[in-house]
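All remarks here apply to the structure that follows.
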Amino acid sequence: MNAEFHQTGLSPDADWWRQAAVYQIYPRSFADSNADGLGDLPGITAKASYLQSLGIEAVWLSPFYPSALADGGYDVDDYRDVDPRLGTLEDFDGLLAALHHAGIRLIVDIVPNHSSNRHVWFREALAAPPGSAARERYIFRDGTGPDGSQPPSDWLSHFGGSAWTQVADGQWYLHLFSPEQPDFNWDNPEVREDFLGTLRFWSDRGVDGFRVDVAHGMAKDLSEPLRSRPTPDPRITPDDGTDPLFDRDDVHRIFAEWRKVLNEYDPPRAAVAEAWAPTAPRRALYARPTGLGQAFNFDLLEANWEPETFGTIIATNLAEAGLSGASSTWVLSSHDVVRHASRYGLPPGVDFQAWLLSGGSSPAEDRNVGLARARAATLLMLALPGSSYLYQGEELGLFEVADLPESVLQDPIWARTGQREKGRDGCRVPLPWTADAPFFGFSTTQPHLPQPAWFGPLSVASQDADPGSTLQFYRRALRLRRKLRSAETLSWVQGHRPDVLHFVRPGGWHSISNFGPEPVALPEGEVVITSGPLVKGTLPVDTAAWVIADS
Ligand code: NOJ
């Protein structure tokens, strides 16, 4: 079945992932083909030529599996099927074939830390008694306190509140995220074996790689008594591998087994860890060739638009990538954070959740500044050695939809924090394809999250027609990046003011970014792209350029 499309537009390079531009699709918000308001797989297939026109090397597809959507699809009912609202396995094969035909690889999201509470194994666990084999696939414990009415430990969920929920017979189960996402017990051989089968299932169908959700959380120290964490906040992890829940040294035994399976394929399947490791050296452990091979580096995504911060992050991560043998990864936006065109238009240090609670009004967002910086940051990122992960809609310069009415919010964070944080829906609003069709061409019916009126001029069709648009800018940058790609190194060019970052890649490809108010002279050579207009031939504030030096 798959033989045909294995031989189509793909480069045979087994190392394709090392410097790939990967475009993340959040499938329920990309394109709706069947008028139910939810994006789906045939909707993506129909946009294959759009994806090809972007000039990306790969798509990362967020979860498309059957799910009650308690957490945007990261609550998986069945790891080897497609949500019927999104299509069928045949639709998946059709999407993969269309992408491969367009020369685009496909990375699927795999969610091994937890299943959904509708997964057949969890249903079996609930029906089985305490101590049974069915309960051993998850993490069930008796409660504490005289009558067991208190949770087994003080561990907290990422989405707020205790990480334990009690079931009818009095036992409790662990969920690092929402109660609908029970954590697997990775000490259980059946769990380990089953996921190897899932990796083979998708690899046999022809997928090129996996994005591994919560890779840093899978191995846990469950020895009794359960230990408190040094800091209860699940976002903070010590850097010595001894935390009971996160970034434990023993997690790498799991990924060594995975790597053996991924290497059974030709080319070996790629994998990238979503590992919130506390330091770059700890992150590098996930990225070893004997492990997953690559790990997300979220440092830029968490940074303010500041030259010193950007410079340090780049230098540190390139040095660490060198140690592990992996290539670096770079990310500015994803389905989990406020879009970078909005972040950069807000004062540094702003609390994004408080800003969202104000409906995006306090403090006010400066969209001109935000977009100029976002385009400059993107151009800077795309010049770096390693792979860049882009999030759907950033190529349109979309801003966060900060004023979604409370009644439409879907993110479990909203309820779990007692409505103190609105969560991540504002970056997950369905894409605008045209300005003049209902629902901006995303669907013919009301989308699952409402789109704001200002999406119109930012739609694909509007920007197609405008050579200065953000969409055309992304296309040009991504095409040039393919041509200019060189060895995975850079040299810093000194002699500028501290608010200018300037480096050169082998082959004389210069990247210059101006974070400061004074204009900067460009090096001699051909200016192949700029993120905004030059002023009298110089690079103004919040602007970046690529220059090919005269040889
Ligand atoms: C990380 C995913 O990116 C996020 O969207 C999800 O909520 C958590 N993992 C839990 O699966």
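Whatever order the structure lists ligands and atoms in, that order sets their numbers, starting from 1. All values reported here derive from a predicted model rather than from experimental measurement. The residues of the chain are indexed from 1 along the displayed sequence.
- Contacts with ligand 1 closer than 4.0 Å are made by side-chain heavy atoms of H335 only, the backbone lying farther away.
- In the vicinity of F159, heavy-atom distances shorter than 4.0 Å reach the ligand 1 atoms 7 (O).
- The shortest distance between side-chain heavy atoms of R85 and L69 falls below 4.5 Å.
- Atoms of ligand 1 found under 4.0 Å from any heavy atom of V214, numbered from 1 in the order shown, are 9 (N).
- Atom 9 (N) of ligand 1 has its closest protein heavy atom at D213 OD1, 2.8 Å.
- Taking a cut-off of under 4.0 Å to the non-hydrogen atoms of R424, the atoms of ligand 1 that pass are 4 (C), 5 (O), 6 (C), 7 (O).
- Among all protein heavy atoms, the one lying closest to atom 7 (O) of ligand 1 is D71 OD2, 2.6 Å.
- Partners of S443 by side chain to side chain contact (heavy atoms under 4.5 Å, CB included), not counting sequence neighbours, listed by chain and number: D32, T445.
- Taking 4.0 Å as the cut-off between side-chain N and carboxylate O, R283 and D299 count as a salt-bridged pair.
- Within the listing of ligand 1, atoms 1 (C), 2 (C), 3 (O), 4 (C), 5 (O) sit less than 4.0 angstrom from a heavy atom of D336.
- Between F64 and W202, the ring centre distance stays below 6.0 Å.
- Note that OG1 of T45 and CG of L95 are 4.0 Å apart. Values are rounded to the nearest 0.5 Å.
- Stacking of R416 on the aromatic ring of F159 is not recorded, the 6.0 Å distance cut-off and the 45° axial limit not both being met.
- Within the structure, ligand 1 has R211 among the residues with a heavy atom less than 4.0 angstrom away.
- The contact set between ligand 1 and R428, taken as ligand atoms under 4.0 Å from a residue heavy atom, comprises 5 (O).
- Of all atoms in ligand 1, listed by their number and element, those nearer than 4.0 Å to a heavy atom of H114 are 10 (C), 11 (O).
- Comment: D243 does not engage R227 in a salt bridge, judged by the lack of any side-chain N to carboxylate O separation of less than 4.0 angstrom.
- In this structure, atom 8 (C) of ligand 1 lies nearest to the protein heavy atom F177 CE2, 3.8 Å.
- The proximity of Y26 to ligand 1, defined as any non-hydrogen pair under 4.0 Å, does not occur for either the backbone or the side chain.
- The aromatic rings of Y138 and F184 lie parallel to each other, their planes meeting at an angle below 30°, with 60° marking the opposite boundary.
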